[in-house]
Amino acid sequence: TILDAEPDEALSALDDALARPVDEQRAAVAAVVARWPRFLDAWAQLGQLGRDDVEGYAYHRVGYHRGLDRLRANGWRGSGYVRWRHPQNRGFLRALAALHRAAAAIGELDEAERTATFLADSDPAAPAALGLA
C-alpha cells in the first residue's frame, strides 16, 4: 500500500516550522497539524516535541489512527506491506515507531509490543530505518 502524497504546501509548512528556534517549534508544528489534520508526519513531529511522555504518546496515537484511516482509504485491508521505501508512507511509519517508543516510555508494554510487531509486519526494513533494530 502506498499512501497519497502530502500537499507541497503542507510539506513546506512543516519544514518551516521545524526550522524555527527550538522554543517556537511545538507551536509552529501544532499550527501545521491544525491546518492539515491528516498530515501524518506532522503528527509524528508534534509528538517528538511533546512536553512530556504522555503528551507525546497522545500525538503519536492520533498520527497512528489517522494513518490507519488513510491506509484504508488507499486500499489497505488490515494486512499487507506499507513499505518505508515509499516516501509517502514514512509519516505513518514514523508515527507508528514513535507510538512504540512512547508506549514503552509510559509503561504500556502490550502496546509497545503490538506496535513493534505491526511495524515489522508493515516492512521488515522499517525498524532498522527508524532506529529500532
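Just so you know, these numbers use all the heavy atoms, side chains as well, and skip hydrogens, waters and symmetry mates.
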Q. So which heavy atom on Ala95 is nearest to which on Gly63, and how close?
A. CB-C, 4.0 Å
Q) Heavy-atom count around Arg114 CZ within 6.0 Å, excluding the residue itself: above 12? A) yes
Q. To the nearest 0.5 Å, what is the distance between CG (Asn89) and CG (Leu96)?
A. 11.5 Å
Q: Find out whether Leu99 and Glu111 are in side-chain contact, i.e. whether some heavy atom of one side chain is under 4.5 Å from a heavy atom of the other.
A: yes
Q. Say you draw a straight line from OG1 of Thr1 to CD of Gln88; how long is it, rounded to the nearest 0.5 Å?
A. 12.0 Å
Q: Check Val32 against Ala17 and note the closest heavy-atom contact, atom names and distance.
A: CG2-CB, 4.2 Å
Q | Cluster overlap Leu40 with Val62, hydrophobic side-chain contacts below 4.5 Å | A | no
**Q.** Validation row: Pro124, Tyr81 side chains within 4.5 angstrom (heavy atoms)
**A.** yes
(Q) A side-chain contact here means heavy atoms from C-beta on lying under 4.5 Å apart; do Leu109 and Glu113 qualify? (A) no
Q. Between Phe118 and Val82, is there a shared hydrophobic cluster once you connect ILVMFWY residues whose side-chain heavy atoms come closer than 4.5 Å?
A. yes
Q: Specify whether Tyr59 and Trp43 have parallel, tilted or perpendicular ring planes, treating 30° as the upper limit for parallel and 60° as the lower limit for perpendicular.
A: tilted
Q. Linking I/L/V/M/F/W/Y whenever any side-chain heavy atoms sit under 4.5 Å apart, do Leu49 and Tyr57 land together?
A. no
Q | Smallest separation among heavy atoms of Phe92 and Tyr64, with atom names | A | CE1-O, 3.7 Å
Q.
With heavy-atom distances below 4.5 Å as the criterion, would you say the side chains of Phe39 and Arg70 are in contact?
A. no
(Q) According to side-chain contact (heavy atoms from CB on, under 4.5 Å), who are the partners of Leu132, at least two apart in sequence or on a separate chain? (A) Ala97, His100, Arg101, Leu119, Pro127
Q.
Applying salt bridge (Lys or Arg N to Asp or Glu O under 4.0 Å) as the test, list every pair that has at least one member in residues 79-90; sequence neighbours left out.
A. Arg83-Asp123
**Q.** Interatomic distance, Arg26 atom CZ to Gln45 atom CD [nearest 0.5 angstrom]
**A.** 14.0 Å
Q. For Leu93 and Leu130, which heavy atoms make the closest approach, and how far apart are they?
A. O-CD1, 3.6 Å
Q: Provide the closest heavy-atom pair for Ala44 versus Gly91 in the form atom of the first, atom of the second, distance.
A: CB-O, 4.4 Å
Q: Enter the distance from Ile2:CD1 to His86:NE2 here, rounded to the nearest 0.5 Å.
A: 3.5 Å
Q: Name all residues meeting the side-chain contact (heavy atoms from CB on, under 4.5 Å) criterion together with Arg77; count only those two or more places apart in sequence or in a different chain, and write none if there are none.
A: none
Q. Between Glu108 and Arg61, does at least one N-O distance fall below 4.0 Å, as a salt bridge requires?
A. no
Q. If we only count heavy atoms from C-beta on, is the His60 to Arg94 side-chain gap below 4.5 Å?
A. no
Q. Between CG of Asp16 and CD of Glu9, what distance do you get to the nearest 0.5 Å?
A. 10.5 Å
Q: Search all heavy atoms of Asp52 against all heavy atoms of Val54 and return the closest pair with its distance.
A: OD1-N, 3.1 Å
Q: Tell me, yes or no, whether the heavy-atom count around Asp4 atom CG, taken from other residues, nucleotides or ligands under 6.0 Å, exceeds 12.
A: yes
(Q) If you define the side chain from C-beta out and look only at heavy atoms, does anything of Trp76 sit under 4.5 Å from Leu68? (A) yes
